[in-house]
Amino acid sequence: MSEIWRPFPTGDTPDADGRAHDSEPTRVVLDMDTGVDDAVALVMAMHSAEIVVEAITSVAGNAPVDECTRNNLLLSELIRDHDAPPVARGAASPLSRPLVIAPEVHGGDGLGGVTRSLPDPHHPATDEPAHEVIARVSRAALASDLDAGALPVHRRPMLIATGPLTNLALALERDSHALDGYARIVIMGGAFDVPGNTGPVAEFNFYVDPEAAAVLMASGLPITLVPLDATTTTILPAAMLVAHAEGAPPARPGRSLGCILYRALDYYIAFQEWESGLPGGYMHDPLAVAAVIRPEIVETEKVSVDVLTDGADRGRSIARAAESGRTIRVVRSADKVRFLSMLEDRVLIPAFISREYAGRCTKHDHPG
Ligand code: RIB
Ligand code: CA
């Protein structure tokens, strides 16, 4: 039986997540293989008052980990300048397999090639590896609960993972309780009643590191899984992107989020139009962030999920009746209209119109 995922904190009693509803923003760690849709998700998160991004960690997937790390630095600095959240470099390859990347979808740099002509970020990544950052934020939340007693459980942070789950699995390998401090772990991945996007049955994040995905699905942690079944219904129409970009003022060189997003999304949408005739781009990762900000825009169902790792079934996700101790919430559908409204308000308008880093550029302008 599907259930509406409880409304986001609004000031009344704790819900099934053990989270009281209050207006304080939820602290979030973003673990991303920053390609184009990850970038849109990061921009949405950083323009949403309901959450505060505490740290951004990178993992290899859409692009090599150093490209993903550089993209996280470039985007977070552009938006928050000197008080940007720390960015940590994560796993350069899956737990036990060679890395598979997706340059045809996201470009060699992860952002449609636009970053090749941008200056380097002002700040380096932290020295702390991603899996340690992820575990440290979790421990701090538990320590706060136990020591101070003032921090009730529902004030714990949330973890949003939009790439292969290697960093999360590495944290659990070192300490099976490493993620216990997160109130909820929201993961973009998997495919159930729709075809895969990496071969006939597998979704890319689960295909790249199926062993890591299997560990997380069997962990018993409070996971919400956002699969292709939902994310292939949340599409950014090419016409919407063009309309916002064309209405934008000329970009200021070197500080134009609009220019970076326009060029990256142009590449991403062009691939999807070529591959499937889709007049737009799938917003896989932004839906995971939107579901944290406004859980009422998705419907979830409680199941148990197995991930296969061998042969033609590599990365295949199978849902079955919920088993005690390893029940997760799978998003079965999303409110497309409300999602697109969030995308306009929290990504397109800030990037093209309403912020000092807004602006457009043509395909030939120098974005840097
Ligand atoms: O299958 C889609 C997912 O794989 C998205 O997170 C995309 O960014 C890639 O990581
Ligand atoms: Ca991703």
Side-chain angles (χ1 to χ4, degrees), residues 29-45 56-65 67-69 71-72 75 90-94 99-112 130 159-168 185-210 212-213 216 224-236 261 264-265 267-269 271-272 275-276 278 280-292 307 314-317 330-331 334 339 343 347:
V29 173
L30 300 175
D31 185 69
M32 306 185 128
D33 62 333
T34 305
V36 180
D37 63 323
D38 306 75
V40 176
L42 190 159
V43 172
M44 178 183 280
I56 306 170
T57 55
S58 60
V59 62
N62 288 323
V65 70
E67 298 284 4
C68 300
T69 304
N71 296 340
N72 289 333
L75 291 164
S93 61
L99 175 61
V100 172
I101 56 176
E104 73 283 3
V105 184
H106 298 269
D109 67 341
L111 293 182
L159 175 58
I160 304 175
T162 64
L165 296 170
T166 317
N167 292 333
L168 281 68
I185 300 171
V186 181
I187 294 170
M188 191 280 138
F192 297 97
D193 300 322
V194 295
N197 61 3
T198 310
V201 297
E203 177 280 322
F204 179 80
N205 291 333
F206 279 24
Y207 179 85
V208 170
D209 199 339
L216 268 295
T224 295
L225 186 62
V226 186
L228 293 182
D229 306 62
T231 67
T232 49
T233 71
T234 49
I235 296 162
L236 168 61
L261 284 189
L265 282 163
Y267 183 103
Y268 183 69
I269 291 171
F271 172 79
Q272 277 159 26
E275 187 192 47
S276 58
L278 183 76
Y282 293 123
M283 294 289 103
H284 305 292
D285 300 337
L287 181 59
V289 169
V292 168
V307 179
R314 170 183 171 172
R316 182 172 195 168
S317 47
V330 170
V331 171
F339 170 77
L343 203 61
V347 177

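Every number for a ligand or one of its atoms is a count from 1 in the order of the listing.
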(request) Starting from the Ca ion (ligand 2), count all protein N, O or S atoms within a radius below 3.0 Å. (result)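 Total protein N/O/S atoms under 3.0 Å from the Ca ion (ligand 2): 5.
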
(request) From the options N71, N62, N72, select the one residue that forms a side chain to side chain donor-acceptor pair (under 3.5 Å) with D38. (result) N62

So, does [X] use its side chain to make a donor-acceptor pair with the main chain of [Y] at under 3.5 Å?
X    : Y    : answer
S317 : V307 : no
N167 : A91  : yes
D229 : F192 : yes
E203 : P227 : no
N197 : F204 : yes

(message) Distance alone, cut at 3.5 Å: any donor-acceptor contact between the side chains of D209 and T166?
(response)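 Their side chains do contain a donor-acceptor pair, which is all the 3.5 Å distance test asks for.
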
(request) Report yes or no: is the cationic atom of R314 (NZ for Lys, CZ for Arg) closer than 6.0 Å to the six-membered ring centre of Y207, at no more than 45° off its axis? (result) yes

Which N/O atoms of ligand 1 sit under 3.5 Å from a protein N/O, and at what distances?
from     : atom 1 : to   : atom 2 : distance (Å)
ligand 1 : 1 (O)  : N197 : ND2    : 2.8
ligand 1 : 1 (O)  : E203 : OE2    : 2.6
ligand 1 : 4 (O)  : N205 : OD1    : 3.2
ligand 1 : 6 (O)  : T162 : O      : 2.8
ligand 1 : 6 (O)  : N205 : ND2    : 3.1
ligand 1 : 6 (O)  : D285 : OD1    : 2.6
ligand 1 : 6 (O)  : D285 : OD2    : 3.0
ligand 1 : 8 (O)  : D37  : OD1    : 2.5
ligand 1 : 8 (O)  : D37  : OD2    : 3.2
ligand 1 : 8 (O)  : D38  : OD1    : 2.9
ligand 1 : 8 (O)  : N62  : ND2    : 2.9
ligand 1 : 8 (O)  : D285 : OD2    : 3.1
ligand 1 : 10 (O) : D33  : OD1    : 3.1
ligand 1 : 10 (O) : D33  : OD2    : 2.8
ligand 1 : 10 (O) : N62  : OD1    : 3.4
ligand 1 : 10 (O) : N62  : ND2    : 3.3
ligand 1 : 10 (O) : N205 : OD1    : 2.8

(message) Consider side chain to side chain contact (heavy atoms under 4.5 Å, CB included). Of T34, L42, L30, T162, which one does D285 pass it with?
(response) T162

